[in-house]
Amino acid sequence: MPELPEVETIVRALKHGGRGGAPIIGKKVSDANLLWDKTLSTPSFEKFEGKISKTTIKDITRRGKFVVIHLDNEFLLIHLRMSGDLRIDPPPVLPPQNHDRLLIYFEDGYRLAFNDTRKFGRAWLVSNPEIVTGNLGPEPFDTTLMASDFYMRLQRKKKQIKSLLLDQSFLAGLGNIYTDESLFRSGIHPMRLSNTLSSKEAERLLKAIRDTLNEAIAHNGASIDWVYRGGEFQNNFRVYQQTGNPCPVCSTPIQRLVVGQRGTHFCPKCQPEGVPE
DNA sequence: CCTGAAACCTGTCTGC
DNA sequence: TGCAGACAGGTTTCAG
């Protein structure tokens, strides 16, 4: 489910409260419960329980789509994949909810629940977060990432732009929704090869990515179906899941196609195929 | 090295 | 109503 804006919203809620939960910074872990073995990538649950008990949550940050929970001497990283979510339960804590996979109990009676219907989500407890996030590309909001750098990086690859934007080692944080929305806003066809973009187009694309993500964060991300609650950005989709609806710019019906095994939405008029003159 | 397909999972919706 | 099939916010693995 969650892409950068949804993960950012969750991180802010864990840090400052919101989405029905209290801040968890400063809380001390008492123990943990793993309800689906594969959810914990590393270490073994036995070691995990020993290492996480009695530690205090120092900070919570985001890297790409990873939630990074800073503990005294280690880091708990969580990737929500398609259907994961994090929930704070106040005391008195009730029995686990349906699809809860990993529970972390605090000494003050609160509980952090990693809930994940489809079981794709993963957690890692590591001494250095880079062990997990080392292969990620730059953050879209990295102020040192200039349009000219972005253009050069696009030139070096020869891949369909939609697939390249989904590649987390190229740029960290975009998923299916925000690539479609960003490509629409920059007027670029999703199947264009990355090395055919002009420097102007690269600049427009980077700005569109940043504008789209900022707007989505301002709306607390997007909520679709039963997955992820509290966001409102789904009401602002221009093309994602708008197949057949009129383009908000030119009224041409939005089309759907498959690019790199992913459903892709675009306006055939605003995002013409082929390289412009 | 690269690309594309399959795998990992559960739930919802559509069409016959 | 039942049931098969498609599809879903992501990533890793494997075959070629």
Side-chain angles (χ1 to χ4, degrees), chain A residues 1-11 19 34-42 62-67 77-86 96-102 114-124 131-137 140 156-184 190-191 193-195 209 212-213 215-217 219-244 255-265:
Chain A
M1 134 235 189
E3 304 180 33
L4 189 153
E6 291 76 32
V7 177
E8 179 65 27
T9 303
I10 288 169
V11 164
R19 291 186 81 230
L34 182 64
L35 296 97
W36 180 256
D37 277 357
K38 287 185 176 180
T39 296
L40 182 59
S41 241
T42 192
R62 178 191 60 73
R63 175 75 174 100
K65 300 173 192 172
F66 290 85
V67 176
L77 281 83
I78 295 175
H79 197 302
L80 304 162
R81 294 279 175 92
M82 292 286 264
S83 61
D85 198 5
L86 293 174
Q97 292 189 16
N98 201 17
H99 309 309
D100 280 353
R101 309 300 179 196
L102 176 64
F114 181 9
N115 186 281
D116 182 21
T117 304
R118 289 178 69 180
K119 300 177 176 170
F120 290 164
R122 292 291 180 268
W124 299 257
I131 294 169
V132 180
T133 61
N135 289 326
L136 290 181
R156 271 188 245 125
K157 300 278 183 176
K158 190 176 177 178
K159 213 172 153 184
Q160 290 177 323
I161 186 65
K162 157 106 181 191
S163 299
L164 187 58
L165 293 179
L166 287 173
D167 180 348
Q168 301 299 296
S169 68
F170 181 78
L171 189 68
L174 290 186
N176 211 30
I177 295 175
Y178 299 106
T179 52
D180 281 7
E181 294 292 319
S182 300
L183 287 169
F184 170 74
M191 295 177 89
L193 293 181
S194 55
N195 63 338
I209 289 168
T212 305
L213 294 175
E215 204 180 309
I217 292 168
H219 289 270
N220 297 317
S223 308
I224 302 174
D225 302 330
W226 79 99
V227 185
Y228 182 82
R229 316 262 172 206
E232 294 296 334
F233 190 70
Q234 67 278 10
N235 302 320
N236 292 272
F237 290 165
R238 314 263 225 271
V239 290
Y240 185 78
Q241 287 189 345
Q242 303 302 312
T243 310
Q255 287 184 17
R256 178 185 187 276
L257 53 89
V258 175
V259 180
Q261 302 186 92
R262 308 301 301 275
T264 299
H265 313 77

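Worth knowing before you read on, the calculation uses all heavy atoms, side chains too, and leaves out hydrogens, waters and symmetry mates. So you know, we letter chains A, B, ... as the sequences are listed, proteins then strands, and number each from 1.
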Heavy-atom side-chain proximity of A/Val132 to A/Phe66 below 4.5 angstrom: yes
Value in whole Å for how far the [atom2] atom of [N] lies from [atom1] of [X]:
X: A/Leu166; N: C/dG10; atom1: CG; atom2: P; result: 7 Å
X: A/Phe120; N: C/dC7; atom1: CZ; atom2: P; result: 16 Å
X: A/His99; N: B/dC8; atom1: NE2; atom2: P; result: 19 Å
X: A/Arg118; N: B/dG11; atom1: CZ; atom2: C1'; result: 8 Å
X: A/Asn98; N: B/dC9; atom1: CG; atom2: C1'; result: 14 Å
X: A/Asp116; N: B/dC9; atom1: CG; atom2: P; result: 11 Å
X: A/Leu80; N: C/dA8; atom1: CG; atom2: C1'; result: 16 Å
X: A/Asp167; N: B/dC1; atom1: CG; atom2: C1'; result: 14 Å

Winner on side-chain proximity to A/Lys119, out of C/dG10, B/dA6, B/dT10, is B/dT10
Kindly point out which of B/dT10, B/dA5, B/dC8 is positioned nearest to the side chain of A/Gln261? B/dA5
For C/dT11, take OP1 and OP2 only and decide whether either is under 4.0 Å from a side-chain N or O of A/His79. yes
Under 4.0 angstrom between A/Lys158 side-chain N/O and B/dC2 OP1 or OP2: no
If you measure from the Lys or Arg side-chain nitrogens to the Asp or Glu carboxylate oxygens, is any gap between [X] and [Y] under 4.0 Å?
X: A/Lys159; Y: A/Asp167; value: yes
X: A/Arg19; Y: A/Asp85; value: yes
X: A/Asp180; Y: A/Lys162; value: yes
X: A/Glu181; Y: A/Arg238; value: no

How far, in whole Å, is [M] from [N] if one measures between their [atom1] atoms?
N: B/dC9; M: C/dC14; atom1: P; result: 14 Å
N: C/dG5; M: B/dA6; atom1: P; result: 15 Å
N: B/dT12; M: C/dT11; atom1: P; result: 23 Å

Could you check whether A/Gln234 and A/Tyr228, counting side-chain N and O atoms only, form a donor-acceptor pair closer than 3.5 Å? no
Between A/Ser83 and A/Asp116, a side-chain donor and acceptor under 3.5 Å: yes
In dot-bracket form, how is DNA chain C paired, counting a Watson-Crick or G-U wobble pair only if both its distances are under 3.5 Å and using | for bases paired to another strand? .|||||||.|||||||
Have a look at [X] and say if it touches a base, only the backbone sugar-phosphate, or nothing, with a 4.0 Å heavy-atom cut-off.
X: A/Gln168; result: sugar-phosphate
X: A/Tyr178; result: nothing
X: A/Ser223; result: base
X: A/Arg256; result: sugar-phosphate

Neighbour count above 12 (heavy atom, 6.0 Å) for A/Asn235 CG: yes
5' priority, DNA chain B, between A/Lys159 and A/Trp36 [closest heavy atom]: A/Lys159
